[in-house]
Amino acid sequence: MENIDELKQFLADRSKNIVILSHRNPDGDAIGSSLGLYWLLKNMGLEAEVIFPSEYPAFVAWMPDADRIIICDLEKEKAINTIAKADIIFCLDFNALDRIDPMEHAVNESKAFKVMIDHHMYPEGFADSVLSKTDVSSTCELIFEFAELLDKQQLIDGKVSDCLLTGLITDTGSFKYNIYPSTMRVAASLLERGANNDFIQEEIFNSMAEKELRLLGHCLYNRMEILEELETGIIWLTKDDFEKFDIQRGDTEGVVNFILKMKKVRIAAFIKEQPTIIKLSLRSKGDFSVQELATRYFKGGGHKNASGGYFYGSLKNCMEKFKKAVKSQMELEKQI
Ligand code: 5GP
Ligand code: MN
């Protein structure tokens, strides 16, 4: 990690304003890494402000000080002013500034020392110090490594461990995929430090509202299309569905993964019609890279087997474009 000594010096100065940012639609890893770092810094005697572009899902609301997070969509002026005053900005679980949408300009303008800690492919070069690896499970795993780089691993207490274990759990589908030897070592260490695995698993996986489970039923029964020849499955939701089922942020988390439960499916898309854009959540098994597909056709990115992107236009056109994109990429695959 370059410029780590400079960063250490910055952190030794208690007067610095520290801001922690993560991406739009923050997931378990985004909030886990942000609050994990926030509590680690607190244990070092430092205060930080955590800012997200949009709200976090209800299943992570239990995290200590989650209610102190500034949500830019709800308090834009406060978010922008806090960024303007920052001396150090941590950018966690994203590596492209368009992922923090309404704050992109403020971060670009800021003269603060910027630190990127992230596990997505192809990082942009906006940070002064970068801890970017793709062979880890999650940004939470990298926060653990970052604590070691700072020589502060002894300050990873139960609270920090709960936050970090959350990101390991959510980004690996509860230790099913995206696992590296380091992931298990970090998980073991977090348990030793007091992380409450049973509690976290319950909060994340067994706290659905009835309407969410019914919505899942609707998705699987009425909104799923299987394209056998492309080994692909699509679930889509219309704006009307969002109203009818009173869908809130986080309610559709994980729906895309159900498509992959079929052996015959290798590629899965969950396509949501939102007020101004169409949002795509993409997953794959094996070598097919949805990261390439998302980057090439949907202005997005992420990881080889889990990516996302967006589309301007109608839901129908988006679905057509997605099908064509899969076909083209499969043909390319065959040529290689
Ligand atoms: P999800 O489908 O769970 O929203 O996202 C899966 C992965 O794709 C995450 O790692 C996320 O960071 C990435 N991702 C989702 N949407 C976008 C997007 O619009 N742009 C980029 N660059 N990455 C995205
Ligand atoms: Mn992540």
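Each ligand, and each atom within it, is numbered from 1 in the order the structure gives.
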Just the protein N/O/S atoms under 2.8 Å from the Mn ion (ligand 2), please, no waters. D29 OD2, D93 OD1, H119 NE2, D171 OD2

Aromatic ring centroids of F245 and H218 under 6.0 Å? yes

Just by distance, no angles: are the side chains of S207 and E202 close enough, under 3.5 Å, to form a donor-acceptor pair? no

If you apply the rule side-chain hydrogen bond (donor to acceptor under 3.5 Å, both in side chains), what do you find for D101 with H23, and how did you get there? CA-CA 8 Å; D101 183 10; H23 58 80; over 6 Å; no

Drop me the distance from I143's CD1 to S34's OG, to the nearest 0.5 angstrom. 7.5 Å

Ligand 1: which protein N/O atoms lie under 3.5 Å from its N/O atoms?
residue	atom	partner	partner atom	Å
ligand 1	2 (O)	S281	OG	2.3
ligand 1	2 (O)	R283	NH1	2.9
ligand 1	2 (O)	R283	NH2	3.3
ligand 1	3 (O)	R283	NH2	2.9
ligand 1	8 (O)	G308	N	3.2
ligand 1	10 (O)	H120	NE2	2.8
ligand 1	10 (O)	H303	NE2	3.1
ligand 1	12 (O)	R99	NH2	3.0
ligand 1	12 (O)	H120	NE2	3.1
ligand 1	16 (N)	K279	NZ	2.8
ligand 1	19 (O)	K279	NZ	3.1
ligand 1	22 (N)	G301	N	3.2
ligand 1	23 (N)	G301	O	3.1

Distance (rounded to the nearest 0.5 Å) between S328 OG and R296 CZ: 8.5 Å

Quick check: F199 with W62 (ring centres under 6.0 Å apart)? yes

Could you measure the distance from the CE atom of M44 to the CG atom of L150? Nearest 0.5 Å is fine. 5.0 Å

For the CE atom of M121 and the OG atom of S307, what is their distance to the nearest 0.5 Å? 8.0 Å

Just checking, K272 and F242: is the charged tip under 6.0 Å from the six-membered ring centre and within 45° of the axis? no

